[in-house]
Colleague: 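Sharing a structure below in structure tokens format, with a few things to ask.
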Amino acid sequence: MTPIRTAILISGRGSNMAALIDARQDAYRVALVISNRPDAEGLEAARARGVEALAIDHKSFASREAFERALDEALRARDIKLVALAGFMRVLTPYLVGRWQGRLVNIHPSLLPKYPGTRTHARALEARDAEHGCTVHLVVDEVDSGQILGQARLSILPGDTAETLAARVLELEHTLYPHSLANYARKLAHMENER
Ligand code: GRF
């Protein structure tokens with residue numbers, strides 16, 4: 001099967017991005033990494049892996065839509081068919097979400113629908129949950145909603161802090177994301193063949 005040309009959008013260290021590239025899945029191929037922050041560590045990590053990496057600084061655009069138009073153009077210019085958000089810290093507007101409907105995936109560090117938004121690890125601890133984890137889902141207009149493509153869970157241990165929990169969940173993310181993205185890419189390829 002021809003791997004689906006995939007881009008990853010990041011804002012920071014890019015550990016999930018690195019995991020997505022390093023997993024060497026045959027259903028998707030990471031052809032581009034874009035960061036909205038020019039100083040994101042992940043850009044160098046992508047280049048070190050031989051992947052084209054661009055900064056498109058949201059601060060240099062007059063509006064959210066102008067920024068998203070630039071993203072959209074960069075993605076289309078490289079014939080990208082699937083976009084994975086990995087620690088991308090900009091909320092996308094219905095403009096970009098609409099143009100990439102069904103082709104925009106995100107990872108979130110909680111067992112959605114629990115704890116959309118921020119401070120997910122602290123909130124799971126405050127609620128005295130027995131379990132916590134991460135979710136890969138399709139992006140829709142409402143933040144951290146959208147069809148769930150995969151989840152991985154772990155037990156919260158006595159003595160866990162938000163930091164210890166975040167570190168264990170991050171390890172889970174690094175295996176869940178490549179696996180869920182590859183499954184979804186297979187589904188897209190299948191749908192395209194049917195057409
Ligand atoms: C991850 O916890 C991810 O779930 C969340 O942001 C964090 C990004 O980390 N959306 P990294 O940049 O992939 O290391």
Colleague: Are Phe88 and Asn106 close enough that some pair of their side-chain heavy atoms sits under 4.5 Å apart?
Modeller: no
Colleague: So does Arg69 pair up with Glu73, basic N to acidic O under 4.0 Å?
Modeller: no
Colleague: Locate the shortest heavy-atom distance separating Gly117 from His108; write the atom from each residue and the value.
Modeller: O-CE1, 3.1 Å
Colleague: Return the set of residues passing side-chain hydrogen bond (donor to acceptor under 3.5 Å, both in side chains) with Thr135 (not counting sequence neighbours), or none when no residue passes.
Modeller: Gln151
Colleague: May I have all residue pairs that pass ring pair (Phe, Tyr, Trp, His ring centres under 6.0 Å) and include part of residues 118-160, sequence neighbours excluded?
Modeller: His121-His132
Colleague: Identify, with sequence neighbours excluded, every residue that meets salt bridge (Lys or Arg N to Asp or Glu O under 4.0 Å) alongside Arg13.
Modeller: none
Colleague: Taking only residues at least two apart or on different chains, which pairs with a member in residues 141-151 satisfy salt bridge (charged side-chain N to carboxylate O under 4.0 Å, His left out)?
Modeller: none
Colleague: For Arg103, enumerate each residue passing the salt bridge (Lys or Arg N to Asp or Glu O under 4.0 Å) test, keeping only those at least two apart in sequence or located in another chain.
Modeller: Glu192
Colleague: side-chain hydrogen bond (donor to acceptor under 3.5 Å, both in side chains) with Arg99: which residues, sequence neighbours excluded?
Modeller: Asp72
Colleague: Could you list the residues that satisfy salt bridge (Lys or Arg N to Asp or Glu O under 4.0 Å) with Glu52, not counting sequence neighbours?
Modeller: Arg78
Colleague: Determine which pairs satisfy side-chain hydrogen bond (donor to acceptor under 3.5 Å, both in side chains) with at least one residue from residues 175-184, sequence neighbours left out, and list them in order.
Modeller: Asn183-Arg186
Colleague: Decide yes or no for Val139 and Trp100: does some side-chain heavy atom of the first lie under 4.5 Å from some side-chain heavy atom of the second?
Modeller: no
Colleague: Within the side chain of Ser110, is there an N or O that forms a donor-acceptor pair under 3.5 Å with the backbone of Thr120?
Modeller: no
Colleague: Side chains of Val33 and Leu54: does their closest heavy-atom pair fall under 4.5 Å?
Modeller: no
Colleague: For Glu44, what residues pass the side-chain hydrogen bond (donor to acceptor under 3.5 Å, both in side chains) criterion, not counting sequence neighbours?
Modeller: Arg47
Colleague: Check residues 89-96 and write down every donor-acceptor pair under 3.5 Å in which the side-chain atom is one partner and the other belongs to a residue at least two apart or another chain.
Modeller:
residue: Arg90; atom: NH1; partner: His58; partner atom: NE2; Å: 3.4
residue: Thr93; atom: OG1; partner: Glu68; partner atom: OE1; Å: 2.6
residue: Thr93; atom: OG1; partner: Tyr95; partner atom: N; Å: 3.1

Colleague: Check salt bridge (Lys or Arg N to Asp or Glu O under 4.0 Å) between Arg49 and all other residues, then give those that pass, not counting sequence neighbours.
Modeller: Asp22
Colleague: Check side-chain hydrogen bond (donor to acceptor under 3.5 Å, both in side chains) between Asp160 and all other residues, then give those that pass, not counting sequence neighbours.
Modeller: Thr164, Arg168
